[in-house]
There are 2 protein chains.
Amino acid sequence: MSTAGNPSGTQAVDRAAKLLSEVVHSAVPVTFTELTAATGLAKSTTSRLLLALERNGLVRRDDHGRFLPGEMFVSFAWRGGADTSLVAVAQPFLDRLGKSTGETINLGVANGPQAETIAQVDCTYLIGGTNWVGLSVPLHASAIGKVLLAHGAAQLSAGPMARTTDKTITSEATLRADLAGVRARGYAVSDEELEPGLITIAAPVFRFDGTVVAALSVSAPTSRMKRETAMAVARRCVEEAAGLSSALGYRPRARKGA
Amino acid sequence: MSTAGNPSGTQAVDRAAKLLSEVVHSAVPVTFTELTAATGLAKSTTSRLLLALERNGLVRRDDHGRFLPGEMFVSFAWRGGADTSLVAVAQPFLDRLGKSTGETINLGVANGPQAETIAQVDCTYLIGGTNWVGLSVPLHASAIGKVLLAHGAAQLSAGPMARTTDKTITSEATLRADLAGVRARGYAVSDEELEPGLITIAAPVFRFDGTVVAALSVSAPTSRMKRETAMAVARRCVEEAAGLSSALGYRPRARKGA
DNA sequence: GCCAGGAGTTCCACTTTATGGAACTAGGTT
DNA sequence: AACCTAGTTCCATAAAGTGGAACTCCTGGC
């Protein structure tokens, strides 16, 4: 009647999915009336579809009759769905960042007293990063590690900080100052601190509750990462990390979602 | 054609939901063919419905074209859907336990060095527990706390253990022995260890990965909780806790789900 | 206690939309 | 190259979904 133009014939399912999406993406329980308004469907249609969704465990009602995501979502979440699918959610953001910078992109998380790379997009040049997925690097020397440290997502192990290049930060005071900078700027830089000739910039990925769960990074040889380039790259990196955070339910300042 | 007898007219949505359910509840990615077989739908129908689900972010395909839960599920999980909905999932189990014992039922989780009550069903007697939701109790003196401790879901704070009654366990060795008993028996008992005249029995609630996330408890005045009653109550409590665990995706011994 | 108004569900004639067999396309295997 | 197997697109058919109106159930006002 109004939306028109469905690629193929699946109106009922599409409408049901739209309702579901409203329910799931809302931060608070949604009322029947809000749903009819949001989707523009007739009351009768909305009612029937919601009943079907409820019957199938896709939505449930709270004690005021408002709609919440159903058993299927909850069960998925409890089964650890989130833990196993960070890479999948992140992929589009990595790809985009890779396309716009041309450099090697990585996603890293804390793994004990190290930073582990869990996803990568290869650079478009002949000279660049090899495959780092599965590799763990020292927290204090890598950009990803510094982001995780700066936001309390990882803790340094007790021992002294290993030196891997002559630029590696090994003093606790220097590191502390650097981490403060990371928080202030919104991104971390490792300028030949891990390997000579390698510059990496990394930005934090936040979860719904504001905690940092991962870091997104761009790595390039010093030859391709001059000061001005670095600024632009850092901005893009922060942008994509913010996009990913948002996909994970992070809402920067507001407490109640739209 | 076969299933027949739908309460009301929503075939397409029901079928789509069934497909979705297969995908979400499977431990591993599901192939197109498995889905046609599992649901008994025509290839063309399956194809159209899956396309619709995919278009709406309810399923996605891995690189082999197999189906996985989509962005909507992942996003829900990352937003902490699990954290906020334990009570909702648990409610039916609490209610059932409350109905069959008539006593005060609680659900508790670890909160720092204490056990916090997050849900309750009031007892059917005039004399019984007041409202404990939101209250935190010492780990070593409460049944819920002992369950959490016994399964590594909570850690005692460093200081000495506070005595609240003359039966409170305050020696580390005694507590350690008691916790071993909790693991062996499958439930914990606090017999006037928190408050004189109060007996509580608690059983662990497991998550998909076998870790304990909460404890389910039955509390009664000593006057109503004699030895034989206690045994029956403990059995019911363990039963319901197991049911709840199962709802959270926990599969006791098997690794692969049904 | 009764009536008014809002919220949601059920009914039913209408017709749009989903259905499934068959034809078709895309990979992979012998 | 011929032959499977897996999956998508087509299309006539009819079954399923649609929405307006009637109906039921609450809730609050007076």
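A, B, ... follow the sequence lines: proteins, then strands. Residue 1 opens every chain.
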**Prompt:** When the nearest nucleotide of DNA chain C is assigned to A:Ser47 and to A:Ala12 on a heavy-atom basis, which residue is associated with the more 5' position?
**Reply:** A:Ser47

**Item:** Separation of atom CG in B:Leu51 from atom P in C:dT19, rounded to whole Å
**Value:** 13 Å

**Asked** Would you call the rings of B:Phe32 and B:Phe67 parallel, tilted or perpendicular, where under 30° means parallel and over 60° means perpendicular?
**Response** tilted

**Nearest-angstrom distance from the residue atom CD of A:Glu54 to P of C:dG8** = 13 Å

**Complete:** When rounded to whole Å, the CG to C1' distance for the pair A:Leu50 and D:dG17 reads 15 Å

**Item:** B:Phe206: ring-ring contact (aromatic ring centres under 6.0 Å, His included) partners, not counting sequence neighbours
**Value:** B:His151, B:Tyr250

**Item:** Contact under 4.0 Å: A:Arg15 side-chain N or O vs C:dT17 OP1/OP2
**Value:** no

**Prompt:** Can you list the steps and then say if A:Leu198 with A:Ser219 is a side chain to side chain contact (heavy atoms under 4.5 Å, CB included)?
**Reply:** CA-CA 7 Å; A:Leu198 173 68; A:Ser219 300; 3.9 Å; yes

**Request:** Determine, stepwise, if the pair A:Val137 / A:Ile144 fulfils side chain to side chain contact (heavy atoms under 4.5 Å, CB included).
**Result:** CA-CA 9 Å; A:Val137 291; A:Ile144 286 181; 5.8 Å; no

**Listed nucleotide nearest any side-chain atom of A:Thr45, set D:dT8, D:dG19, D:dG17** = D:dG19

**Message:** From CG of A:Leu41 over to C1' of C:dT16, roughly how many Å is that when rounded to an integer?
**Reply:** 15 Å

**Prompt:** Think B:Arg48 has a side-chain N or O under 4.0 angstrom from the OP1 or OP2 of D:dT8?
**Reply:** no

**Message:** Does C:dG8 have OP1 or OP2 under 4.0 Å away from a side-chain N or O of A:Thr33?
**Reply:** yes

**Message:** Measuring from atom CD1 of A:Ile105 to atom CG of A:Asp95, what distance do you get when rounded to the nearest 0.5 angstrom?
**Reply:** 9.5 Å

Name each donor-acceptor pair under 3.5 Å that joins a side chain in residues 234-241 of chain B to protein atoms two or more places apart or in another chain, with its distance.
unit_1, atom_1, unit_2, atom_2, d
B:Arg236, NE, B:Ser100, OG, 2.9
B:Arg236, NH1, B:Glu239, OE1, 2.7
B:Arg236, NH1, B:Glu240, OE2, 3.3
B:Arg236, NH2, B:Ser100, OG, 3.2
B:Arg236, NH2, B:Glu240, OE2, 3.0
B:Glu240, OE1, B:Arg96, NH1, 3.2

**Request:** Grab the NZ-P distance between A:Lys18 and D:dT18 for me, whole Å please.
**Result:** 14 Å

Between protein and nucleotides 22-29 of chain C, what N or O pairs are separated by less than 3.5 Å?
none

**Message:** If I take atom CG in residue B:Leu49 and atom C1' in nucleotide D:dT8, what distance separates them, rounded to the nearest angstrom?
**Reply:** 14 Å

**Prompt:** Can you tell me how far NZ of B:Lys43 sits from OG1 of B:Thr36, rounded to the nearest 0.5 angstrom?
**Reply:** 8.5 Å

**A:Val13 vs A:Arg61, nearer the 5' end of DNA chain C by closest nucleotide** = A:Arg61

**A:Asp14 CG to D:dA16 P, straight-line distance once rounded to whole Å** = 19 Å

**Message:** Check this one for me: any side-chain N or O of B:Gln11 less than 4.0 Å away from OP1 or OP2 of C:dT19?
**Reply:** yes

